[in-house]
There are 2 protein chains.
Amino acid sequence: MAVTNAAVKIPFEAPAPEKRARNRAATEQAILDAAKRLLAEEGFQNFGINAVARGAGCDKQLIYRYYGGLNGLVEAIGTDLGSWVADRIPDDTGGMFLLTYGDLMERLSMLFLDALRADPLMRRIVAWEVSESSEQVRRLSEARSKALAGWIERMRGSLVPPKGVDAQAVNAMIFAAIQHIVLASAVSDQCAGLALKNSKDWEKAAIALKRIVRGVYG
Amino acid sequence: MAVTNAAVKIPFEAPAPEKRARNRAATEQAILDAAKRLLAEEGFQNFGINAVARGAGCDKQLIYRYYGGLNGLVEAIGTDLGSWVADRIPDDTGGMFLLTYGDLMERLSMLFLDALRADPLMRRIVAWEVSESSEQVRRLSEARSKALAGWIERMRGSLVPPKGVDAQAVNAMIFAAIQHIVLASAVSDQCAGLALKNSKDWEKAAIALKRIVRGVYG
DNA sequence: CTTGCTAATCACCGATCGGTGACAGATTGG
DNA sequence: CCAATCTGTCACCGATCGGTGATTAGCAAG
């Protein structure tokens, strides 16, 4: 055949002279890291076997071997998510005394808002959750909400919501608002006409959020 | 006889004897309808030239010719969105007297919640908005928020928010909460631990929402 | 050194994607 | 009647996707 040998691909091999040694554990970690990085930076849209393998600098076959495919890999990300959450959201009260349930929810709202804003991976996962109904994302979703619920329970202590208020429903609304507003800001710097660019904008959003919390819980 | 003839492809030609006549306007409409249907039913993930052409029962070439590709088609959907919103969200007060800004926002919240729940296309678009930052979705987003803002302005009448409350920020939070909770319910029947399946669940959600509105606006 | 095990790579598959150029059939104007 | 125009169809392109079988390369025990 007319060999076109001159057309060989030189696939950008040079600048990574650090070849990983023959080491399964390290490769597994590299794959997992690449998956998280890719999901955080590019979103779930172009998240696939080929992309992860490229990002990890290894063959996709290894993803099948070590994780059983994308599903297993996503599951592994979910497993990671628990500690991930624990690492990124403070467990303490920030030196405040949370005397009432309103104090608590105000504090939780602010912590969650800041944590989500600072965590692209978590944002992408939330966006994924509301966009697709596959088994993959269902697992991720479960891991996330479990970690979150655990965190809230830990922070709650012995505080109880006021009588006559469906705290579960109200809190779901509050967390929903935070999630949506952070997601919207990440793609368009605004939400429902409210600018969400600089820290001044966010200060307004935070005040509004506190106002809502206090309006319900006093 | 060993009829190899049986192996011929019969490409499922029969059950659609209704061939569209040679008619550009009708074809354009069929494409637009197919696009909206596809987006509403399948989501933005598998929304593409090929899928739309399949759905419209015509060649994709026509989409390029009549709409200039997917971008133009999405833009056409955006243009449609104005009347779409106007058709689906009531403009009247439902026989209520909206005496205060709180009355208004409570009513708007309920209307928006119901409308979004009943409108899969709008849901998909919102999910798209928070998942991708392309020019396509930016156009859609603008059309949607414009239609929404117009609706709110129309409903507002002469009512003004109470002093000392950043109504824009608070309302953004409320609408964000509604959008996220509806999106979440559409894929997983729950949000942040709150079940959102039957009408009883939704009644609880609605009450919580009203509570929040009343907590802020009285 | 040879044998085996395993990490890792390579080559290929069919399917689908977005996109384009060429062509067929109907309609219309001269 | 012919030619131009418009609607619609078809075949094909390169790229990428998820997935798999065969193969190479490094390491340790015998």
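Convention: sequence-line order gives letters A, B, ...; per-chain numbering from 1.
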| query | So what does B:Leu62 touch, heavy atoms closer than 4.0 Å: a base, only the sugar-phosphate, or nothing? | reply | base

Please determine whether any donor N or O and acceptor N or O are separated by less than 3.5 Å between the side chain of B:Arg22 and the base of C:dT27. no

> Is it the case that B:Gln29 and B:Asp33 place a side-chain donor and acceptor less than 3.5 Å from each other?
Replying inline: yes

Whole-Å distance, A:Arg24 CZ to C:dT9 P, equals 14 Å

note: A:Tyr67, atom OH; D:dG18, atom C1'; distance rounded to Å ~ 19 Å

Here the distance between atom C1' of C:dT9 and atom CD1 of A:Ile31, to the nearest Å, is 13 Å

**Item:** Salt bridge flag under 4.0 Å for residues A:Arg37 and A:Glu41
**Value:** yes

Between CG of B:Leu73 and C1' of C:dG18 the distance, given in whole Å, is 14 Å

If each end axis of the helix from C:dC1-D:dG30 to C:dG30-D:dC1 is fitted on five C1' pair positions, the angle between them, to 10 degrees, is 30°

May I ask you to say whether A:Glu42 pairs ionically with A:Arg124, meaning some side-chain N is under 4.0 Å from a carboxylate O? no

Next item on the list: Look only at the side chain of A:Trp128 and the backbone of A:Gln45, and say whether a donor-acceptor pair between them is shorter than 3.5 Å.
Entry: no

- Considering only NZ, NE, NH1 and NH2 on the basic side and carboxylate oxygens on the acidic side, decide whether A:Glu153 and A:Arg156 come within less than 4.0 Å. yes

Between the base of C:dA7 and the side chain of A:Arg65, is there a donor and acceptor pair under 3.5 angstrom?
no

Between CD1 of A:Ile49 and P of C:dC12 the distance, given in whole Å, is 21 Å

Whole-Å distance, B:Leu70 CG to C:dG18 C1', equals 9 Å

By nearest-nucleotide position on DNA chain D, the 5'-leaning member of A:Asp59 and A:Arg54 is A:Arg54

Sorted by position of nearest nucleotide on DNA chain C, 5' first, the leading residue of B:Asn46 and B:Gln61 is B:Asn46

B:Gln45 atom CD is separated from D:dC17 atom C1', nearest whole Å, by 14 Å

Rounded to whole Å, the OH-C1' distance (A:Tyr66 to C:dA8) equals 7 Å

Closest to the side chain of B:Lys60, out of C:dA8, D:dT20, C:dG18, is C:dG18

Exercise. A:Asn50 side chain N/O closer than 4.0 Å to the phosphate oxygens (OP1, OP2) of D:dT16?
Worked result: no

| query | Taking OP1 and OP2 of C:dG18, is either one under 4.0 Å from a side-chain nitrogen or oxygen of B:Tyr64? | reply | no

B:Thr27 side-chain N/O to D:dG8 phosphate OP1/OP2 under 4.0 Å:
yes

Query raised in the report: Under 3.5 Å, is there a donor-acceptor pair linking the side chains of B:Gln190 and B:Ser188?
Result: no

* B:Glu142 and B:Arg138 ion-paired at < 4.0 Å -> no

